[in-house]
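Here the structure is laid out as C-alpha cells; the discussion comes afterwards.
Residue numbers begin at 1 in each chain, while the letters A, B, ... track the order of the sequences.
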There are 2 protein chains.
Amino acid sequence: MLLRVQPDSRVPLGEQIAACVRGALADGTTLPGERLPPAREVAASLGVNVHTVLRGYQRLRDEGLIELRRGRGAVVRADESTRGRARLLTAARSLIAEARGLGLADEDVLSLVRTALAAGPAE
Amino acid sequence: MLLRVQPDSRVPLGEQIAACVRGALADGTTLPGERLPPAREVAASLGVNVHTVLRGYQRLRDEGLIELRRGRGAVVRADESTRGRARLLTAARSLIAEARGLGLADEDVLSLVRTALAAGPAE
DNA sequence: AAATTGTTCGCATTCACCTAGAACAACCTA
DNA sequence: TAGGTTGTTCTAGGTGAATGCGAACAATTT
C-alpha cells in the first residue's frame, strides 16, 4: 500500500490519505479483508501526526469502506472498487463526447481540464 | 438569474456563486451578452460580503466565461462557445471532484483523459 | 458633474486543519 | 494472566484560508 501526500496541497492531509486508500481500493491494489498499516506507522512514514492519519481512516469508516477496531487496526470492508472507477471513466467519456460535439480538439480538452484542475477543488 | 447559497456548506461562498452562474450559463438560463447583477446587489440579496461575490465573479473571469469592467459590471462573453464552455467546465469539475475522491493526482487525471481521448469516439 | 461598479488597500474575526502530548480501552499474542 | 499493539478520547496551541468590514480609488455610464 503506497501512501503519498502533498503537504502544500489545498486538500487536507487526512483527506489525501483517505483518497490514497480509495484509489488503492479502486484499482485493486488493496482488496477486501486486507489490513491497512497502523496509523502510528503511517504517521511516522509520512512525517505526519497520528491524529491526521486517524482522521483519514475515520473518514473511510464513515464512508463504509473500512472497519476500525482497537488493537486490531483498520480492515477493508466493502467492495466499492470497480464501481467507482467505472463511474469515473463514464464521466470522462461523457466529458469528451460533449467536447467533441462542440468541435474541440483533443488538446483543447486537455487544457480545459488543466484549467479546471488549477481552479481547485469544487467541493 | 437565480443565485442561491448554502452558508453551512464546506464549499466557499465565492465558489458557490461562481457555480450558480456556470449552471445558468450551461442550461441557457443566462445568455452571452447578458449582464450579471452588480456585486453589491447580489451581496445584499444573499446577506454576503461584496468581496465574496466579487471573488466568485473574478473566478469566472479567470475561466474566460465573463468580462469584468468598472462601471459596466459583469457581462457574459459574447463568444459563441461560451455556453458550451460553461457546460464543459461544469462537467470537467465534476470529473475532477470524482477523480480526487478516488485518490488520483492531477497528473493522473490528465493521463486518464488522454487515455479516454485515444480510445476514440464514445458511441 | 454625479452615480454606478469593479479594484485594491488594510485589518479583524472565524473556523477548519494540523500538531502535540497524555491517558485510556479494546484486542492480540505469548 | 501479562504485556504489547492499536484505535479512542481529551486538552491545548498554532497556522492559513475564507469571510467580513470599511475606506479610498478608477473606469464607465448617464
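Here D:dT8 presents its P atom at 12 Å from CD of A:Glu67, a figure rounded to the nearest Å. Rounded to an integer number of Å, the gap from A:Gln16 CD to C:dA16 C1' is 15 Å. The nearest whole Å value for the distance from the CZ atom in B:Arg40 to the C1' atom in D:dG20 is 15 Å. Distance B:Ile17 CD1 to D:dA18 P: 14 Å, rounded to the nearest Å. A straight line from CZ of A:Arg55 to P of C:dC17 spans 8 Å, rounded to a whole angstrom. Rounding to whole angstrom units, CG of residue B:Leu46 and P of D:dA18 are separated by 19 Å. One interatomic measurement links the two molecules: CZ of B:Arg35 to P of C:dT4, which rounds to 11 Å at whole-angstrom precision. Between the CG atom of B:Leu13 and the C1' atom of C:dC15 there is a distance of 13 Å, rounded to whole Å.
The pair B:Glu67-B:Arg61 fails the salt-bridge criterion, with no side-chain N (NZ, NE, NH1 or NH2) lying under 4.0 Å from an Asp/Glu carboxylate O.
Annotation: of the two residues near DNA chain C, B:Pro38 and A:Gly14, the 5′-most nearest-nucleotide partner is B:Pro38.
Closest to the A:Arg70 side chain, of the nucleotides D:dA18, C:dC17, D:dT8, is D:dT8. With C:dG6, D:dT8, C:dT5 as the candidates, the nucleotide lying closest to the side chain of B:Leu54 is C:dG6. The side chain of A:Arg72 has C:dC28 as its nearest neighbour among C:dA23, D:dG20, C:dC28. Which of D:dG7, C:dG6, D:dT19 sits closest to the side chain of A:Tyr57 comes down to D:dG7.
A close approach under 4.0 Å does occur between a side-chain nitrogen or oxygen of A:Arg61 and OP1 or OP2 of D:dT8. Considering only side-chain N and O atoms, B:Gln58 lies under 4.0 angstrom from the phosphate OP1 or OP2 of C:dT7. Close to D:dT28, at under 4.0 Å from its OP1 or OP2, lies a side-chain N or O of B:Arg69. Between A:Arg10 and D:dA18 there is a side-chain polar atom (N or O) within less than 4.0 angstrom of OP1 or OP2. Using a 4.0 Å cut-off, no side-chain N or O of A:Thr52 falls inside it from OP1 or OP2 of C:dC17.
A donor-acceptor pair under 3.5 Å is formed between the side chain of A:Gln16 and the backbone N or O of A:Val11. In terms of modelled atom types and a separation under 3.5 Å, the side chain of A:Arg114 and the main chain of B:Asp106 share no donor-acceptor contact. Judged purely by atom type and a 3.5 angstrom limit, A:Glu34 has no side-chain atom pairing as donor or acceptor with the backbone of A:Val75.
Heavy atoms of B:Leu68 sit under 4.0 angstrom from primed sugar atoms or phosphate atoms, though from no base atom. Heavy atoms of B:Val50 sit nowhere under 4.0 angstrom from any nucleic acid atom.
Atom CD1 of B:Ile17 sits about 9.0 Å away from atom CG of B:Leu54, to the nearest 0.5 Å.
For residues 36-56 of chain A, every residue pair satisfying the side-chain hydrogen bond (donor to acceptor under 3.5 Å, both in side chains) rule, not counting sequence neighbours, is listed here: A:Asn49-A:His51.
The base of C:dT8 lies close enough to the side chain of B:His51 for a donor and an acceptor atom to sit less than 3.5 Å apart.
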